[in-house]
Amino acid sequence: MVTMEDLQRFTAQVENLTGYRISWEEFNRTNTRVTHYLPNVTLEYRVTGLTALTTYTIEVAGMTSKGQGQLSSSTISSGVPPELPGPPTNIAITNIGPRSVNLQFKPGYDGKTSISRWLVEAQVGVVGENEDWLMVHQVSNEPEARSLEVPGLNPYTFYRFRMHQVNIVGNSPSSQPSRKIQTLPAPPDMAPANVTLRTASETSLWLRWMPLPEWEYNGNADQVGYRVQYYRVGSQGRGLTHIITDRVEREFTIEDLEEWTEYEVRVQAVNGIGMGPWSQPVRGRTRESVPSCGPTNVSAFATTSSSILVRWFEVPEPDRNGLILGYKVMYKEKDSDSAVRFWMVEGNASHSVQLTNLGKYVLYEIQVLAFTRIGDGRPSSPPILERTLDDVPGPPVGILFPEVRTTSVRLIWQSPAQPNGIILAYQITYHLNSTNSNAATVDVLNPSTRQYTVTNLKPESVYMFRITAQTRKGWGDAAEALVVTTEKRARPQPTSRPIVPQKDVESRQVLLSWEPGSDGLSPVRYYTVQLKELPENNWTVHSASVNHEATSYIVSRLKPFTSYQFRVKATNDIGDSEYSEESEAITTLQDAPDEAPTILSVTPHTTTSVLIRWQPPAEEKINGILLGFRIRYRELLYDRLRHYIHTVNSLSSWAELN
């Protein structure tokens with residue numbers, strides 16, 4: 001009797017099974033075939049009318065609306081009850097590969113019926129008498145088989161096999177185990193799992209992954225490692241790779257990257273045979289840094305005698321290294337010791353600025369730099385040069401009368417401190433100081449002249465001299481000087497002791513006042529102010545060109561919270577006076593520190609706090625009595641989707657600790 005267990009075992013299971021087709025015939029006599037069709041609810045069928053002691057082949061197939069399925073067949077002898085089969089023998093292993101082997105065997109006793117299936121069991125990894133046997137393969141409908149390919153094995157794994165043969169009655173006992181074998185190695189089958197990428201610094205990213213479990217090595221453990229590939233997002237190149245030879249390594253810092261750049265990274269396992277599949281790529285962005293170059297195409301155009309229009313293009317995208325928050329225009333007089341000045345342009349929308357309050361007819365060196373929240377980038381290079389337009393000149397300086405007689409004088413002068421252009425001529429005007437200037441004598445001199453002699457003057461008289469310079473823009477302001485036509489001139493007397501009222505004391509400047517002494521019949525040309533920082537004993541000149549008419553002077557560029565003394569001397573055509581008596585010691589007021597503390601480290605302390613260590617400013621930069629420190633901090637938001645850090649709104653995000 002053929003049961004439906006055989007039919008269900010060998011027929012594909014489908015939802016629309018319409019029935020079964022069963023056929024039988026005497027062995028190798030197709031003309032004796034008999035066929036019946038059974039409904040799909042039938043689970044067994046009794047075959048009758050068979051000839052005694054005759055071998056028959058019985059076939060069963062499932063039927064659907066699409067046709068007949070795969071056949072399942074069995075051979076039996078009528079009138080001879082089938083028995084359990086015996087085990088296969090003489091198992092031999094050949095064609096050992098990474099994932100399959102061939103088993104050759106001698107079939108055992110068939111139990112007076114055909115063998116319907118061959119079963120292959122194996123001990124995997126650990127081989128021994130007490131280890132479990134697992135079903136690894138089975139083959140149906142090949143009763144004459146003498147060898148089998150066993151697929152689906154694990155590479156570089158120890159195996160021992162045994163077999164069963166199956167007929168209609170059941171399974172045979174197991175065969176004797178085969179010899180122990182090891183499959184060949186193969187490249188890894190799986191990629192590292194849980195790959196994550198985090199920002200480490202401006203030029204590095206931190207990559208982590210879950211190492212392969214040992215059973216996934218597919219080869220010698222000593223040859224297992226990982227291969228990391230990374231490249232800029234949007235780049236057309238194949239990227240760079242790094243080999244990690246430690247099989248248990250689970251992290252790697254990718255160095256020497258570009259600032260503020262998004263990268264794509266993937267990882268694969270490798271062994272001595274080859275490389276496994278890549279992991280899914282992950283993306284991360286390096287931190288912001290300062291721009292690595294300045295804006296391009298910087299140009300400058302003088303618009304007036306005191307202003308220059310500066311224009312520039314953006315910093316090239318690969319060199320921005322962050323979000324450009326603005327620009328700084330750097331400018332200074334060429335070949336001058338003056339400090340560089342900065343003009344701030346906030347935001348990235350404007351790429352031009354008008355520099356104002358510049359010196360007239362002055363050649364300037366101009367550079368532009370961009371800045372991010374991290375700091376200033378490199379300035380544009382080389383500096384461009386532009387000169388402001390010319391204007392009328394300032395007054396000539398250094399007027400002195402080295403020779404004075406009762407009826408003649410010789411005066412000398414220097415060109416204007418602010419020529420504001422090319423000096424084309426000088427004009428000298430003089431008259432008695434008691435008369436109207438309309439009666440003055442005028443003379444025009446060439447631009448190289450630096451002295452002038454006047455004769456036929458009245459003895460013992462005071463004369464007013466005026467000197468002006470000329471550029472192509474016109475005559476400038478005049479410098480005036482008085483002179484007495486006498487031969488009784490002498491050096492001036494010292495001024496009174498200078499005083500500094502406490503109300504005129506500030507942190508970085510004071511107002512110094514004095515009364516002039518006798519001018520020795522030779523008008524004072526200028527005053528010199530000296531200062532001494534206590535407790536030092538060295539006097540230094542603060543200014544040697546204080547106006548001759550001045551009786552007070554603002555002494556600037558002082559240090560806060562510092563004690564000073566001051567003294568003054570007068571100078572006329574004959575020479576210098578003695579220095580005045582020293583002023584009383586005064587102390588400038590305190591001011592905010594000039595220098596910020598230096599942060600030495602910021603380390604995690606608890607889950608909600610960090611430990612900050614810093615170094616205070618240099619003593620000379622504190623500018624007073626240090627009362628304490630103020631700490632400002634703000635949160636950096638981490639974008640988990642794109643793996644980079646950015647700042648929140650800087651207008652309201654700072655918190656303070658006092």
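Being a predicted model, the structure only gives us computed values, none of them experimental.
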Under 6.0 Å from the six-membered ring centre of Trp209 and within 45° of its axis: does the NZ or CZ of Arg250 meet both?
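Relative to the ring axis of Trp209, which defines the angle, Arg250 lies outside at least one limit.
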Cation-pi between Arg567 and Trp539: NZ/CZ under 6.0 Å from ring centre and within 45° of the ring axis?
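Yes, cation above the ring, under 6.0 Å and within 45°.
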Verdict with supporting geometry, Gln530 and Thr540, side-chain hydrogen bond (donor to acceptor under 3.5 Å, both in side chains)
CA-CA 5 Å; Gln530 284 190 332; Thr540 59; over 6 Å; no
Give a yes or no on whether [X] atom [atom1] has more than 12 heavy-atom contacts from other residues, nucleotides or ligands under 6.0 Å away.
X: Leu385; atom1: CG; value: yes
X: Lys332; atom1: NZ; value: yes
X: Glu259; atom1: CD; value: yes

Should the pair [X]-[Y] be classified as a salt bridge under the 4.0 Å nitrogen-to-oxygen rule?
X: Asp391; Y: Lys473; answer: no
X: Arg232; Y: Glu262; answer: no
X: Glu251; Y: Arg208; answer: yes
X: Asp594; Y: Arg508; answer: yes

Mark yes or no for whether [X], through its side chain, and [Y], through its backbone, hold a donor-acceptor pair below 3.5 Å.
X: Asn348; Y: Leu325; answer: no
X: Gln367; Y: Ser380; answer: yes
X: Glu365; Y: Ile384; answer: no
X: Thr588; Y: Phe561; answer: yes
X: Thr388; Y: Val362; answer: yes
X: Thr471; Y: Gly421; answer: no
X: Glu288; Y: Leu323; answer: yes

Looking only at side-chain N and O atoms, does [Y] offer a donor or acceptor that is under 3.5 Å from a partner on [X]?
X: Ser279; Y: Gln268; value: no
X: Glu264; Y: Tyr231; value: yes
X: Asn218; Y: Asp189; value: yes

Distance (rounded to the nearest 0.5 Å) between [X] [atom1] and [Y] [atom2]:
X: Asp576; Y: Tyr579; atom1: CG; atom2: OH; value: 7.5 Å
X: Ile412; Y: Leu400; atom1: CD1; atom2: CG; value: 5.0 Å
X: Arg387; Y: Glu333; atom1: CZ; atom2: CD; value: 10.5 Å
X: Thr199; Y: Arg285; atom1: OG1; atom2: CZ; value: 9.0 Å
X: Arg466; Y: Asp477; atom1: CZ; atom2: CG; value: 9.0 Å
X: Leu531; Y: His542; atom1: CG; atom2: NE2; value: 6.0 Å

Indicate yes or no: at least one non-hydrogen side-chain atom of Pro316 is less than 4.5 angstrom from one of Cys293.
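Yes - at least one pair of side-chain heavy atoms lies under 4.5 Å apart.
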Can you check whether Asp504 reaches Val510 side chain to side chain, under 4.5 Å on heavy atoms?
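Answer no - side chains too far apart.
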Please list, chain by chain and in numerical order, all residues satisfying side-chain contact (heavy atoms from CB on, under 4.5 Å) with [X], sequence neighbours excluded.
X: Ser507; answer: Pro560, Leu589, Asp591
X: Arg311; answer: Ser299, Leu309, Ser352
X: Leu534; answer: Lys532, Ser563, Gln565, Ala585
X: Thr608; answer: Thr606

Would you please name every residue forming a side chain to side chain donor-acceptor pair (under 3.5 Å) with [X], sequence neighbours left out?
X: Gln229; result: Arg266
X: Arg472; result: Asp390
X: Arg378; result: none
X: Asp256; result: none

Ring pair (Phe, Tyr, Trp, His ring centres under 6.0 Å) partners of Tyr364, counting only residues at least two apart:
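Partners of Tyr364 under the ring pair (Phe, Tyr, Trp, His ring centres under 6.0 Å) test: none.
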List for me each residue that meets ring pair (Phe, Tyr, Trp, His ring centres under 6.0 Å) alongside Tyr564, sequence neighbours excluded, and say none if there are none.
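Partners of Tyr564 by the ring pair (Phe, Tyr, Trp, His ring centres under 6.0 Å) criterion come out as none, since no residue qualifies.
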Take Phe252 and Trp206, measure what ring-ring contact (aromatic ring centres under 6.0 Å, His included) needs, and give me the verdict at the end.
CA-CA 6 Å; Phe252 176 65; Trp206 184 40; over 10 Å; no
Could you go through the ring-ring contact (aromatic ring centres under 6.0 Å, His included) check for Phe313 and His351 one step at a time?
CA-CA 6 Å; Phe313 287 1; His351 298 139; 8.0 Å; no
For Lys328, enumerate each residue passing the salt bridge (Lys or Arg N to Asp or Glu O under 4.0 Å) test, keeping only those at least two apart in sequence or located in another chain.
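Expected list: Asp376.
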Name the atoms and distances for all side-chain donor-acceptor pairs under 3.5 Å in residues 337-347, with sequence neighbours left out.
| unit_1 | atom_1 | unit_2 | atom_2 | d |
| --- | --- | --- | --- | --- |
| Ser338 | OG | Ser336 | OG | 3.0 |

